[in-house]
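Remarks on the structure that follows.
As the structure is a computational prediction, the values presented were derived from the model and not from experiment.
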Amino acid sequence: MKEAKKRNPHIPLMALSWGMPAWVGGGKTLSQGGVDYHVQYILGAKRVHNLTIDWIGIWNEAPWTAEYIILLRKSLDAAGLQHVKITAADGGTDVISAAAKSAPLAAAIDSFGIHTHVLSPDQDINNWNGRKMYWNTENDLVDGALPQ
């Protein structure tokens, strides 16, 4: 991240968890302990490395809950990290349907992270109708092994 910032000081930085120690939140990722871990990571990146994290994801290709996303937003705000935006979730489009039905969830999410959305047009995306941006957080053109 430091090298990226040297090359382009305006590049946004994003963090997405792929794992955390088992002792965090009693081994429960989607918990207050998991939220605290991520908030402390963002604060530590600034304090130790002078890096401002602009975006945070929920969890790489993992289940999510509306309660966790809303708690993450509240905890970021309470820690003075109102500038950090949330991308949810990282995978399917079910989070879009959930946000369309829940104003608190929709307010907590700044963008949606969807895998390979161009290959599988989805009614959830169509129903959202551009109210929030979505990112192709993982893309491939083949389902399975890539051709050699």
Side-chain angles (χ1 to χ4, degrees), residues 1-140:
M1 288 182 172
K2 284 182 182 179
E3 291 300 316
K5 281 291 192 182
K6 281 182 196 175
R7 288 163 178 77
N8 179 358
H10 304 291
I11 192 170
L13 300 179
M14 181 177 187
L16 174 66
S17 291
W18 283 52
M20 71 175 67
W23 51 262
V24 172
K28 295 179 182 172
T29 304
L30 302 177
S31 65
Q32 180 68 56
V35 165
D36 294 343
Y37 184 84
H38 290 98
V39 169
Q40 289 304 311
Y41 170 84
I42 294 168
L43 292 170
K46 183 65 173 177
R47 184 180 66 252
V48 176
H49 300 286
N50 197 31
L51 292 169
T52 299
I53 305 298
D54 302 293
W55 291 86
I56 186 81
I58 301 306
W59 194 261
N60 181 58
E61 300 176 353
W64 57 273
T65 66
E67 294 79 15
Y68 179 82
I69 295 169
I70 293 166
L71 180 60
L72 178 60
R73 175 75 273 151
K74 288 179 182 176
S75 297
L76 289 167
D77 292 348
L81 298 169
Q82 295 88 351
H83 71 278
V84 178
K85 296 179 179 153
I86 296 175
T87 297
D90 182 53
T93 59
D94 54 336
V95 70
I96 297 174
S97 291
K101 296 172 187 165
S102 167
L105 178 60
I109 296 171
D110 296 288
S111 70
F112 299 107
I114 305 168
H115 286 197
T116 319
H117 74 281
V118 295
L119 294 182
S120 54
D122 188 287
Q123 196 58 44
D124 289 337
I125 294 172
N126 294 337
N127 289 341
W128 191 255
N129 199 21
R131 289 180 273 161
K132 295 214 186 240
M133 70 175 160
Y134 59 92
W135 295 354
N136 193 2
T137 54
E138 183 173 307
N139 192 31
D140 57 30

(message) If we ignore hydrogens and angles and just use 3.5 Å, is the side chain of R73 paired with the main-chain N or O of I69 as donor and acceptor?
(response) no
(message) Less than 4.5 Å apart, side chain to side chain, heavy atoms only: is that true for I86 and I58?
(response) yes
(request) For residues Q32 and S75, determine if any side-chain heavy atom of one lies less than 4.5 Å from a side-chain heavy atom of the other. (result) yes
(message) Within the structure provided, determine whether L81 and I56 are in side-chain contact (heavy-atom separation under 4.5 Å).
(response) no
(message) Any side-chain to backbone donor/acceptor pair from T93 onto I96? Under 3.5 Å, distance only.
(response) no
(request) Could you tell me whether the side chain of S102 and the main chain of A98 form a donor-acceptor pair under 3.5 Å? (result) no
(message) With a 4.5 Å cut-off on side-chain heavy atoms, are M20 and W59 touching?
(response) yes
(message) Using every non-hydrogen atom in the two residues, find where A79 and V39 come nearest and quote the distance to one decimal.
(response) CB-CG1, 3.7 Å
(request) Can you establish whether the number of heavy atoms outside K46 located under 6.0 Å from its atom NZ is more than 12? (result) yes
(request) May I ask you to test the V35-K74 pair for a side-chain heavy-atom distance under 4.5 Å? (result) no
(request) Kindly indicate whether the side chain of S111, heavy atoms from C-beta on, has any atom under 4.5 Å from the side chain of W55. (result) yes
(message) Quick one: does any side-chain atom of K5 pair with a main-chain N or O of I11 as donor and acceptor, under 3.5 Å?
(response) yes
(request) Heavy atoms only: give me the nearest W64-A89 pair and the separation to one decimal. (result) CD1-CB, 3.4 Å
